[in-house]
Amino acid sequence: MVKSIFYSKLNNPDKTSKIPLIFDLRIYFMHNCESHDHAELELHKIRHSLAHILAQAVLEVRPKAELGFGPAIETGFFYDFLLEEPLTSEDLKDLEKRMKKIIRSGQKFECSTKSETDAKTMLLEMGQKLKAEYAEELSSKGLELSFYQNGNFIDLCEGPHVEKSSQIADNCFVLDSIAGSYWRGDSSKQVLTRIYGLAFLNREQLDQFLTERKLAQERDHRKLGKELEIYHMDDEIGQGLPLWLPNGTVLREELETYAKEIEFQAGYVRVATPHITKENLYYRSGHLPYYKETMYSPIEIDGENYYLKPMNCPHHHKIYGSRPRSYRELPLRLAEYGTCYRYESSGALSGLLRVRALSMNDAHIYCREDQVKDEFNAVLQMHKNYYEKFRISRYWVRLSLHAADKNKFIDGEDRWQFAENIVRSCLEEVGIEFKSEAGEAAFYGPKVDFQIRNVIGREETASTNQLDFAIASRFDLKYTGEDGKEHEPFIIHRAPLGTHERFLAFLIEHFGGAFPTWMAPVQVRLVPVSEAFLGYAQEISLILHKEGFRVVLDDSSDSFSKKIRNAVTKKIPNIFVIGDNEVQNRTVTWRRYCVKDQITMPLSRIINLLKQMRSDRTMDNFADEVLPMGLE
RNA sequence: GCCUGGUUAGCUCAACGGUAGAGCAGCUGUUUUGUAAACAGCAGGUUGGGGGUUCAAAUCCCUUACCAGGCUCCA
């Protein structure tokens, strides 16, 4: 009953930001867009045809433009052009008009095939050198070269397309943005100009997408991070080096405490390691030759180079190797919220999602061969539990396997097979759906990567679990077995909560800035109806503070309504309203974030409730999380 | 790192070759309020930094730092 009062409105729009509490652009960002559903196919044809029409329009204003690729994508289409004279976002409106004109002219899309020679001759005559290059490549793979022509425009393309341009509603698309790209995605090749378009079956769907994208931008962690004073980036500190403000630090520490408790229960022990390390360690680990360009330049001291650590593994390996190990003490699980530094390319940096200073929920598990499976299973189970706890459903899991590339992956086909089989069967046993991808493994073993998309659709690896069968020998890590002989341990690298930076960026967006009571920077805001009740409010404030709650008393001279508003815009989960009635009866009136209905209860009772919510880590920012203590 | 665009008060924005302005936040008063913005006043800016063009630059040009959207990369 009370539950329904408290949560009935939670899924309604939050009046402050005008966004639903739990909002999901998933429908637009579904990974598997290969559905063969009829409408999907129609939409695909429309998008793909629009890409051609865009190219047609660009050729009208830039006749010498060379065409790159122009596919349909999840939200529309793009086309890449090699231009002598640049196009800018100001040209998009004009191009859009030209596209509409082409659409209305009702051009037919006609397919034809050509031999390699004919195709190349024609493409080169048209000045389409990039396409000619691609035609040659396709042909060398034995593929047929098909062309689609509409009006005076012809393009090498496998289709499919609409039959006539007039089948496309001329208001169902919009040119969205302009960006750079590289030919064949290779940064050593030509720089192309990419124009992105949004396209849907009709205007309503386009408008809906635009509206929802706008709402999604409202919960962008960079916006909320500023509004809720979570972190600050400062030019004088450096790119990608966030300053965690007091509110953000609460979030980090709550998350960390939670992880520490879970890891303690799971038999981990904690370690701490320095931020800088001698160069040689990274030669030993094998990282330096591969990752030098993504490490900060070394600091020279006493004739030696020291690097800021880009990962914690070598340090943990050194801890393992600090004395002889017996099979009896395995598995050894070393955990650290280690701070690392990576010189990420400046263009990749983005709020907290991609930074240069990061703290990782890292641990390394050193175990025997007969323990690998149970350990990896436990890791995946822990990972799954975290995701369920935080209600993270917008992710996909990649099983990253090796490929035949001696430069990227260490030798040993048998060992790769062994490790990959274990990882795959663990995923199956724990019941995590995954997609295998060859060539994505770490150089020392297979990985299970949890891929998330942020609220505006950018995909990142949220966390990763790896089975390493190779590094132990580089570090000469051994244990004495039951047989009295030396053996090499397997190492599991795992970071289910990824980094504070990325995970919190994701949670900020996932929760729209409204954190559960246990995490919230301010857990309770006391709002007296007028200054006459400040005394009782102060008393409550002291009690709550003594109980360890993060409580703020609003003793401003703002109007009562304004005080409520201020508390709500800060997305504080619990507001205690205090007026005459409350003073008389030693109660408080409890108003939850985003919920107007409220409940008055004795002070002692509400404190017990809060304590229980805190110790249970209730996800009270979700509609269905049940309140404790029989409030129903 | 690359391509394109951007940077005006703490925040969100206006002024687009001719005296930098508003709302919110802040501060000071008045107001003491029962559920999302009381009222008044004050203060706040060498328009990211540097250089140039011009009688005159927030506005045009160059350069640098940073930001955004992509691309590349991602142990």
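First the proteins, then the strands, lettered A, B, ... as listed; each starts at 1.
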Applying the 3.5 Å cut-off to both distances, the Watson-Crick or G-U partner of B/C73 turns out to be none

A/Asn312 and its side-chain hydrogen bond (donor to acceptor under 3.5 Å, both in side chains) partner, picked from A/His315, A/His316, A/Lys309: A/Lys309

Among the candidates B/G34, B/G1, B/G70, find the nucleotide nearest to the side-chain atoms of A/Ala179. B/G70

Of A/Ser350 and A/Ser556, the one whose closest RNA chain B nucleotide lies more 5': A/Ser556

Using the P atoms only, state how far B/A9 lies from B/A14, rounded to an integer number of Å. 12 Å

Atom C1', compared across B/G10 and B/G34: separation rounded to whole Å: 32 Å

Roughly how many Å is it from NZ in A/Lys570 to C1' in B/C24, rounded to a whole number? 12 Å

For a quick check of understanding: with a heavy-atom distance under 4.0 Å over all strands, which category does A/Gln466 fall into, base, sugar-phosphate or nothing? sugar-phosphate

Hunt down the Watson-Crick or G-U wobble partner of B/U33, both distances under 3.5 Å, from any strand shown, or write none. none

Name the nucleic acid region contacted by A/Gly347, choosing base, sugar-phosphate or nothing; use a 4.0 angstrom heavy-atom cut-off, strictly under. base

Distance, C1' atom - from B/U32 to B/C39, rounded to whole angstrom: 14 Å

Roughly how far apart, to the nearest Å, are B/G18 and B/U72 at atom C1'? 46 Å

Whole-Å distance between B/C71 C1' and A/Arg458 CZ? 11 Å

Is the Lys NZ or Arg CZ of A/Arg398 less than 6.0 Å from the centre of A/Phe434's six-membered ring, within 45° of the axis? no

Students often get this wrong, so: under 4.0 angstrom with heavy atoms, is A/Asp558 touching a base, only sugar-phosphate, or nothing? base

Is a donor-acceptor contact shorter than 3.5 angstrom present between the side chain of A/Tyr182 and the base of B/G70? no

Just N and O in the side chain of A/Lys226: are any of them under 4.0 Å from OP1 or OP2 of B/G10? no

Separation of B/G34 P from A/Arg525 CZ (nearest whole Å): 18 Å

Using a heavy-atom cut-off of 4.0 Å across all strands, would you classify A/Ser561 as base, sugar-phosphate, or nothing? sugar-phosphate

P atom, B/G48 versus B/U12: distance in rounded Å? 14 Å

Please determine if a side-chain N or O atom of A/Ser559 lies less than 4.0 Å away from the OP1 or OP2 oxygen of B/A38. yes

Does the Lys NZ or Arg CZ of A/Arg62 fall within the cation-pi geometry relative to A/Phe81 - under 6.0 Å from the ring centre and within 45° of the axis? no

Applying a 4.0 Å non-hydrogen cut-off, can you work out what A/Thr294 is touching in the nucleic acid: base, sugar-phosphate, or nothing? base

Pairwise C1' distance for B/G6 and B/U47, with rounding to whole Å: 14 Å

Side-chain N or O of A/Lys562 versus OP1/OP2 of B/A25: is the shortest distance under 4.0 Å? yes

Whole-Å distance between B/C73 P and A/Asp186 CG? 8 Å

What contact category does A/Phe443 fall into here, base, sugar-phosphate, or nothing, at under 4.0 angstrom with non-hydrogen atoms? nothing

Just checking A/Ala532: base, sugar-phosphate only, or nothing, at a heavy-atom cut-off of under 4.0 Å? nothing

Mapping A/Asp235 and A/Arg342 to their closest nucleotides on RNA chain B, which lands nearer the 5' end? A/Asp235

B/U4, B/A75, B/U35: which one has an atom nearest the side-chain heavy atoms of A/Thr589? B/U35

Could you tell me the Watson-Crick or G-U partner of B/G17, where both distances fall under 3.5 Å? Say none if there is no partner. none

I'd like to know if A/Gln598 reaches the base of B/G34 with its side chain, counting only an N/O donor and acceptor under 3.5 Å. no

Using atom P in both nucleotides, what's the gap between B/A58 and B/A15 to the nearest angstrom? 16 Å

A/Ile237 has an atom CD1; how far is it from atom C1' of B/C66, in whole Å? 14 Å

Report the base-pairing partner of B/U4 (Watson-Crick or G-U wobble, both distances below 3.5 angstrom), or none. B/A68

Less than 6.0 Å separating the ring centroids of A/Tyr79 and A/Phe77? no

For B/A75, take OP1 and OP2 only and decide whether either is under 4.0 Å from a side-chain N or O of A/Lys447. yes

Quickly, which of A/Glu336, A/Arg494, A/His493 forms a side-chain hydrogen bond (donor to acceptor under 3.5 Å, both in side chains) with A/His364? Name it, please. A/His493

Phosphate OP1/OP2 of B/G5 contacted by A/Tyr196 side-chain N/O (<4.0 Å): no

With a 3.5 angstrom cut-off on both distances, give the Watson-Crick or G-U wobble partner of B/A9, or none if there isn't one. none

Using a heavy-atom cut-off of 4.0 Å across all strands, would you classify A/Ser188 as base, sugar-phosphate, or nothing? nothing

When you measure from the side chain of A/Arg354, which nucleotide among B/U35, B/C74, B/U33 comes out closest? B/C74

So what does A/Gln217 touch, heavy atoms closer than 4.0 Å: a base, only the sugar-phosphate, or nothing? nothing

Among B/G5, B/G69, B/G34, which nucleotide sits nearest the side chain of A/Phe560? B/G34

Which word best sums up how the rings of A/Tyr307 and A/Tyr282 line up, parallel for under 30°, tilted for 30 to 60°, or perpendicular for over 60°? perpendicular

Tell me which nucleotide among B/U4, B/A75, B/C3 gets nearest to the side chain of A/Val191. B/C3

Between B/G69, B/C71, B/G1, which nucleotide gets closest to the side-chain atoms of A/Ser177? B/G69

Rounded to whole Å, the CG-C1' distance (A/Leu198 to B/G70) equals 13 Å

A/Glu90 atom CD, neighbour heavy-atom count above 12 within 6.0 Å: no

Whom does B/A58 pair with, Watson-Crick or G-U wobble, provided both distances fall under 3.5 Å? none

If the test is salt bridge (Lys or Arg N to Asp or Glu O under 4.0 Å), which one of A/Lys570, A/Lys563, A/Arg525 qualifies with A/Asp554? A/Arg525

N/O (side chain, A/Gln239) to phosphate O (OP1/OP2, B/A65) under 4.0 Å: no

Using a heavy-atom cut-off of under 4.0 Å over every strand shown, decide if A/Gly238 touches base, sugar-phosphate, or nothing. nothing

B/G70 C1' sits how many Å from A/Asp80 CG, rounded? 10 Å

With a 3.5 Å cut-off and heavy atoms only, can you find an N or O donor on one side and an acceptor on the other between the side chain of A/Arg222 and the base of B/C67? no

Phosphate OP1/OP2 of B/U4 contacted by A/Thr193 side-chain N/O (<4.0 Å): no

Base, sugar-phosphate alone, or nothing: which one does A/Asp580 contact when heavy atoms must sit under 4.0 Å apart? base

Is the A/Trp183 ring parallel, tilted or perpendicular to the A/Phe69 ring (thresholds 30°, 60°)? parallel

Can you say whether the rings of A/Tyr337 and A/His500 are parallel (under 30°), tilted (30 to 60°) or perpendicular (over 60°)? parallel

Separation between the P atoms of B/A22 and B/U54, rounded to whole Å: 34 Å

Is there a Watson-Crick or G-U wobble partner for B/G41 with both distances under 3.5 Å, and if so, which one is it? B/C27

